[in-house]
Engineer: 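First the structure, then my questions, so here it is.
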Amino acid sequence: QQQQQRRMFTAALLVLVFILAAVSTTEAGKKEKPEKKAKKSDCGEWQWSVCVPTNGDCGLGTREGTRTGAECKQTTKTQKCKIPCNWKKQFGAECKYQFQAWGECDLNTALKTRTGNLKRALHNADCQKTVTISKPCGKLTKPKPQESKKKKKEGKKQEKMLD
């Protein structure tokens, strides 16, 4: 009976060794896959054109992407994109800036200016780090001293009484 137990133990041990060998072979096969991905890295990075809106100067549109590489299956593709309509397009439709408050009016030029710092660039757009914009100051009139509303009403009441 002891010999039979030894045989069973030996058989179980052999089965365990075969299982471990099979698992290690499977893991070795999985390690080879990243090497195949390395071959795909012969393709260059995608370079994207600016977003061209379908209608008008903002909203939905498309952009073209290209990349180089002898082994690449795909070297060009088109992608949907969107240009936000509330961004300052004079600095690039894909560049968003955080603007400071408007400065004081320059009496020589009748313009006020403010500076904006780059907040976000879509799709690696080439954006200036800081931009400055100007706008007309508007009317430069001295404020008139206003009478209180009570005094105006009282004056109107007196006028009606006199009539």
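Excluded from the calculations below are hydrogen atoms, water molecules and symmetry mates; all remaining heavy atoms, backbone and side chain alike, are included.
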Engineer: What do the steps show when you test Thr78 against Glu64 for side chain to side chain donor-acceptor pair (under 3.5 Å), and what is the final call?
Structural biologist: CA-CA 5 Å; Thr78 302; Glu64 297 292 322; 3.1 Å; yes
Engineer: Indicate if Trp102 and Val131 have the same hydrophobic cluster label, given that clusters are the connected sets of ILVMFWY residues with side-chain heavy-atom separations under 4.5 angstrom.
Structural biologist: yes
Engineer: Do Arg63 side-chain atoms and Lys82 backbone N/O form a donor-acceptor pair below 3.5 Å?
Structural biologist: no
Engineer: Strictly by modelled atom types, are Gln47 and Thr66 linked by a side-chain donor-acceptor pair under 3.5 Å?
Structural biologist: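 Not at all, the side chains of Gln47 and Thr66 share no donor-acceptor pair under 3.5 Å.
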Engineer: Once rounded to the nearest 0.5 Å, what's the spacing between atom SG of Cys137 and atom CG of Asp106?
Structural biologist: 7.5 Å
Engineer: Please check if the side chain of Tyr97 supplies one atom and the backbone of Thr115 the other of a donor-acceptor pair under 3.5 Å.
Structural biologist: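 Between the backbone of Thr115 and the side chain of Tyr97 there is no qualifying donor-acceptor contact (under 3.5 Å).
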Engineer: Find out if a path of hydrophobic residues (ILVMFWY) with successive side-chain heavy-atom gaps under 4.5 Å connects Leu118 to Ile133.
Structural biologist: yes
Engineer: Which atom pair, heavy atoms only, marks the closest approach of Glu45 to Arg67?
Structural biologist: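 Shortest heavy-atom contact: O-CB, 3.5 Å.
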Engineer: More than 12 foreign heavy atoms under 6.0 Å from CD of Gln74: is that the case here?
Structural biologist: yes
Engineer: Looking only at non-hydrogen atoms, find the nearest pair between Cys72 and Gly44 and report the distance.
Structural biologist: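 For Cys72 versus Gly44, the nearest heavy atoms are SG-N, 4.5 Å.
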Engineer: Do Lys135 and Lys112 pass the side-chain contact (heavy atoms from CB on, under 4.5 Å) test, and can you show the C-alpha distance, the side-chain angles, and the key distance before you say yes or no?
Structural biologist: CA-CA 6 Å; Lys135 74 175 185 178; Lys112 55 184 174 181; 3.4 Å; yes
Engineer: Donor-acceptor check, side chain of Ser134 to backbone of Thr113, threshold 3.5 angstrom: yes or no?
Structural biologist: no
Engineer: How far does CD of Gln98 sit from OG1 of Thr130, to the nearest 0.5 angstrom?
Structural biologist: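 With rounding to 0.5 Å, CD (Gln98) is 14.0 Å from OG1 (Thr130).
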Engineer: Using 0.5 Å steps for rounding, measure from the OG1 atom of Thr132 to the CZ atom of Phe99.
Structural biologist: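 One finds 8.5 Å between OG1 of Thr132 and CZ of Phe99.
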Engineer: Got Leu20 and Val17 here, is their nearest side-chain heavy-atom distance under 4.5 Å?
Structural biologist: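 When only atoms from C-beta onward are counted, Val17 and Leu20 do not touch, as no gap falls below 4.5 Å.
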Engineer: Treating Ile, Leu, Val, Met, Phe, Trp and Tyr as nodes and any side-chain heavy-atom pair under 4.5 angstrom as an edge, say whether Val52 and Trp48 lie in one connected cluster.
Structural biologist: no
Engineer: Arg120 side chain to Lys96 main-chain N or O, any donor-acceptor pair under 3.5 Å?
Structural biologist: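 Not confirmed, Arg120 side chain does not pair with Lys96 backbone.
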Engineer: Any non-hydrogen side-chain atom of Thr62 less than 4.5 Å from a side-chain atom of Gln79?
Structural biologist: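 Side-chain contact under 4.5 Å: no.
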